Structure formats: structure tokens, C-alpha cells
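Sequence lines set the chain letters: A, B, ... in the order given, protein chains first and strands last, and positions in each chain run from 1. What you see is a predicted model; the values in this text were computed from it and never measured.
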2 protein chains.
Amino acid sequence: MTLSEENYLKAIFNLEEQTHKSVPTNAIAEMMETKASSATDMVKRLSEKELLKYKPYQGTRLTPKGKSHAVKVIRKHRLWETFLVENLDFSWDEVHEVAEQLEHIQSDKLIHQLDKFLGYPKTDPHGDPIPDEEGNIAKIKKKVLAELQQEDEGICVGVDDSSSAFLKYLDKLDISLGNKIKVIEKEAFDNSMVIQVEENTISISSLASKNIYVRKTS
Amino acid sequence: MTLSEENYLKAIFNLEEQTHKSVPTNAIAEMMETKASSATDMVKRLSEKELLKYKPYQGTRLTPKGKSHAVKVIRKHRLWETFLVENLDFSWDEVHEVAEQLEHIQSDKLIHQLDKFLGYPKTDPHGDPIPDEEGNIAKIKKKVLAELQQEDEGICVGVDDSSSAFLKYLDKLDISLGNKIKVIEKEAFDNSMVIQVEENTISISSLASKNIYVRKTS
DNA sequence: CTTAATTTTTAGACAAATCTAAAAATTTGT
DNA sequence: ACAAATTTTTAGATTTGTCTAAAAATTAAG
Ligand SMILES: [Mn+2]
Ligand SMILES: [Mn+2]
Ligand SMILES: [Mn+2]
Ligand SMILES: [Mn+2]
């Protein structure tokens, strides 16, 4: 399995998770930041290897074999991100690029031992669940902050957009995983919110509140 | 810089260190386990990028730029090997393959932080010096065990052959880095030796004793 | 239902890294 | 010195992954 094949597999897995429908070629190309013709070529190769089912013009779906491989790559990605933050003083907005490389290292022992070294973490630095050795992914109970009503309280458990720009913005507002968040006010006009994060009271836009996940506590 | 280019650079660096002469194409091909024609192609590409000087039929020598890059890859290789042994319970005969992949991960911060995390180790699990951030490689004072005379004593500081087979053999004999070794007897007939390693007395062949490095202490 | 817009595939080209087979240069042996 | 052996390079082919441009299929609109 080549690096490029693994990246496509991961992209297709994520797209399929979102819609639970067969994935259009253009969606793959967009996610991979490549051309549709390249995506077609790759999809044909992966189909040849029985990692996915592909019908021309009908899009693709991963086979169990393809899914299982994609999940392994995601497991590695999230374990490495955890290592970078926990042990090498990376911040959560710096880890993605490096994990994007590390996720392709081939060694069962390495990943097993890394998991052990980290103490079998359940989630990565962005709150995303780390698949276990058998490929099971725990479902994390979460709601978008934007859905909470005035006076509602929750704990920050993840982000939808984990781009460096958004994560840095959250750092500036002192919002991080595990923080207690309370909705003070919701502005109907633009859907912005005034929230209390631990001790601080701040205002955030609708765009931001739609990208923050919380576990409701009240 | 591609993975393959980095592997060639490292191979050429090592060959040049051995002989301090310009490196023949066949030697490169042999070390890379590839064909001479492939080595020629790659050497031309690296020459194009000014990482080495290549004159047809005359062999190649790395430029300072090429050397510096090779040393960076070696630094990464040895830091990762150290991490695997120190933190992930790998044994010294298991690390090479994985480090061979990890050495190509591109991130200055990663390698700087890994070095810090490990406590700035001076040598890797095979006793080889780890180049510092500026590319300086400490010279390790060492002698092959085979050169010691009867009654001489030393400390095991490295191995020449770090193949898995040889390292496992050393494990079986309980020889590891830092062990005190004393020459009890040298057999003129086949150059085998009887040595005392810490508390154990064992006999080793000439081939083995030529692949073990010691720092003489008496 | 037929045309227009969009999506997807095919055709052909290119760079990287490799190979085999053949040609060319260098080194060795007498 | 000259033929033979060895080393090295070239020529041409292959695989992976990508691209552009054009053709084909599907979907949307009037
Ligand atoms: Mn990746
Ligand atoms: Mn993540
Ligand atoms: Mn390598
Ligand atoms: Mn080593």
C-alpha cells in the first residue's frame, strides 16, 4: 500500500462517513486537492485491489477491506498527534502536517508500543476518537455549541474544523478541550453568542460556534 | 528531496567515509541493492541538484551541501532508533527497519523536540554517534576487540556489523553496550578468543571479535 | 423531450524511479 | 601494447502518480 493510496483511502472513508452515500469522483478530487482525472485513475487502481467498489459515473464505496485499512491509518494519525502534543510540546494546531507523514510508517509493533507508551488514549488532541487495535471507533457524545440555548452548560469535547487558523483562534480565546462553557446570551440577528469559558466571558460568531463541539451538562 | 534521493545520499556518505576516495557507481548500486544503471541515473539527478560532483566513469563525491543533508538524515535515523529502544521497548536488532522509514519525516521542530525529549543522547543503541543540530559528529574512541591482547580490558562501545543476526547473537552471549570485556586467551590457530564479559566467560570467533568495538581501559 | 450545464472518463504526456540489454570506456593480464 | 575482463553508461521499457484537453455520460432547465 503506497502513501498516495493510503491518503485516498482516508479521504474516501471520511467522505463516506459524512454522507453515508457513494462518494462522487469530484468530491474525492476536491478533498485530495487534485484533478478529477487523477481521482478516477486512483479509484480504478484501488478497485483493482478490492479496497473499494467503483462503478463508472456512480461513485465509489469502500469495501470492508478498504475501510479497515483507512481506519488503521486514522489510528496511527491520531496516536502520533497525541504523542506530539503530550510528549514533544507541539500545540494542537501544529500536529496535523507532521502526523500526515507519520501515519504512513509501516510497523505494527511501533504503533502497538506507541499506544501503550501513551497510556492507551481515547481521543486525540482535537477530541477525535482513536480507533482501537481491532478498528473499533468509539462514538463521542457531542453537540455543536451553536445548538445550545441560553443558560445551557457544556464541556468542550472537540472541534469540527481543525485547521490551524481556527485552532489558533480558539487558543487566543482560551478555549480548549475540557473547558466548561456556559451560554450567556444568543443573538438572534446574526446567531452570535456570548459565552462564559471557565472564568472568561467572550463573544463568538455563529461560524465559530458551529465548529465547536460540547457535551451538554445541564 | 525525495525518500530515494535521501537514501542514496546516505549510502554515498557512508561509502565516502570508509575510503575517503570518490565512490564508484557499482559500490553505490551494491549498497542500495539496485542495478548500476539505476545508480547512474540517480547520481546524475543528485549532481544536477549540486548535492554531489559526478564525472562519468570517475565516480562521485558529495558536495558540502550533499554531506550536510546526509548527516541530517543520519541524525534523524539515530535519534529515532534511540527513541524506539529507550521508550518503546524495541531491542537493538529491531530498530533499523523502522528508523529507515522514520528518518525521512520532514519537520525541523519534530527532530529538535525529539532530541530534547530523549535528553540529547550522544550515541544510538548501536554505539554510533548522533550528529548534533549543526551536523558535527563526535569521534568515538574505539578499537576492534580482535586487536586486544591477552589480559587487556575494555568496555564494549559499539558494533561494526549491526545486522539483526549479529545483534541477536550478541544478545545470546549477553554482550551489550557498556559491558566490561577482558581477554582471557587468544588462539593463534583461528584467531578465536576466550573473553570474560562481566561475570561470564565465553569463546568467540575471529569474525565476531572483529565486529565488536571496545574502549580499552588497561 | 431536447438542449444546456455539469460531472466523469479517456487519451496522451510527463517526471521519478526502476529494470534489461547493449554499447562504450576503463582496467587488467600477458 | 593489445586483447580480455570489468565497470559504467546509454537506450528503451515499465510502474506510479500526476496533469491538460477532449470526449462521453449524466443531470438540470426550459
Ligand atoms: Mn498522509
Ligand atoms: Mn486530529
Ligand atoms: Mn531510509
Ligand atoms: Mn544505529
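- Rounded to whole angstrom, the span from the CG atom of B:L3 across to the P atom of D:dT16 amounts to 17 Å.
- Not a single donor-acceptor pair under 3.5 Å links the side chain of A:H126 to the backbone N or O of A:V159.
- Rounded to an integer number of Å, the gap from B:M42 CE to C:dT18 P is 5 Å.
- In this model, the phosphate group of C:dA16 is not approached by any side-chain N or O of B:R45 to a distance below 4.0 Å at OP1 or OP2.
- In this structure, the side chain of A:H69 does not engage the main chain of A:K65 through any donor-acceptor pair within 3.5 Å.
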Detail all sub-3.5 Å separations between protein N/O atoms and N/O atoms belonging to nucleotides 20-25 of chain D.
unit_1 : atom_1 : unit_2 : atom_2 : d
D:dT20 : OP2    : A:K35  : NZ     : 2.9
D:dT20 : O4     : A:S37  : OG     : 3.0
D:dA25 : O4'    : A:Y57  : OH     : 3.3

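- When the shell of 6.0 Å around NZ of A:K10 is examined, it contains more than 12 heavy atoms from other residues, nucleotides or ligands.
- Side-chain N or O atoms of B:S203 include none that pairs as donor or acceptor with a backbone N or O of B:S192 at under 3.5 Å.
- Atom C1' of nucleotide C:dA15 and atom CD of B:E48 are separated by 14 Å, given to the nearest angstrom.
- The nearest whole Å value for the distance from the CD atom in A:E6 to the P atom in D:dG17 is 11 Å.
- Under the 3.5 Å distance criterion, the side-chain polar atoms of B:Q113 are matched with a main-chain donor or acceptor of A:L88.
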| task | Carefully, step by step, assess B:L51 and B:I12 under the rule side chain to side chain contact (heavy atoms under 4.5 Å, CB included). | result | CA-CA 11 Å; B:L51 292 157; B:I12 297 166; over 6 Å; no
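- Listed in residue order, the members of residues 20-32 of chain B having a heavy atom less than 4.0 Å from DNA chain D are B:P24, B:T25, B:N26.
- Around the NZ atom of A:K109, the shell of radius 6.0 Å holds more than 12 heavy atoms that belong to other residues, nucleotides or ligands.
- The side chain of B:T40 approaches D:dT8 more closely than any other nucleotide in the set D:dG17, D:dT8, D:dT26.
- An OP1 or OP2 oxygen of C:dC19 is reached within less than 4.0 angstrom by a side-chain nitrogen or oxygen of B:T34.
- Of the possible polar contacts, none joining the A:K72 side chain to the A:P131 backbone as a donor-acceptor pair under 3.5 Å is found.
- For the pair B:L46 CG and C:dA16 C1', the computed distance is 12 Å after rounding to whole Å.
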Tabulate atom names and distances for all N/O pairs under 3.5 angstrom spanning the protein and nucleotides 1-4 of chain D.
none

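- When each of A:H77, A:R78, A:K76 is tested with A:E103 by the rule side-chain hydrogen bond (donor to acceptor under 3.5 Å, both in side chains), just one qualifies, namely A:H77.
- How far CE of A:M31 is from CG of A:N14: 6.0 Å, rounded to the nearest 0.5 Å.
- Considering only side-chain N and O atoms, B:Y8 lies under 4.0 angstrom from the phosphate OP1 or OP2 of C:dT18.
- Residue order along DNA chain D, read from the 5' end via each residue's closest nucleotide, puts B:A36 first among B:A36 and A:P56.
- Contact annotation: A:K44 side-chain N/O to C:dT10 OP1/OP2 distance is under 4.0 Å.
- For A:R61 (side chain) and A:K53 (main-chain N/O), no donor-acceptor pair under 3.5 Å exists by modelled atom type.
- Atom pair A:N7:CG and D:dT18:C1' shows a separation of 14 Å (rounding to whole Å applied).
- In this pair, A:F83 and B:F83 present their aromatic rings tilted. The plane angle is within the 30 to 60° band.
- If you measure from atom CD of B:E33 to atom P of C:dC19, you get 11 Å, rounded to the nearest angstrom.
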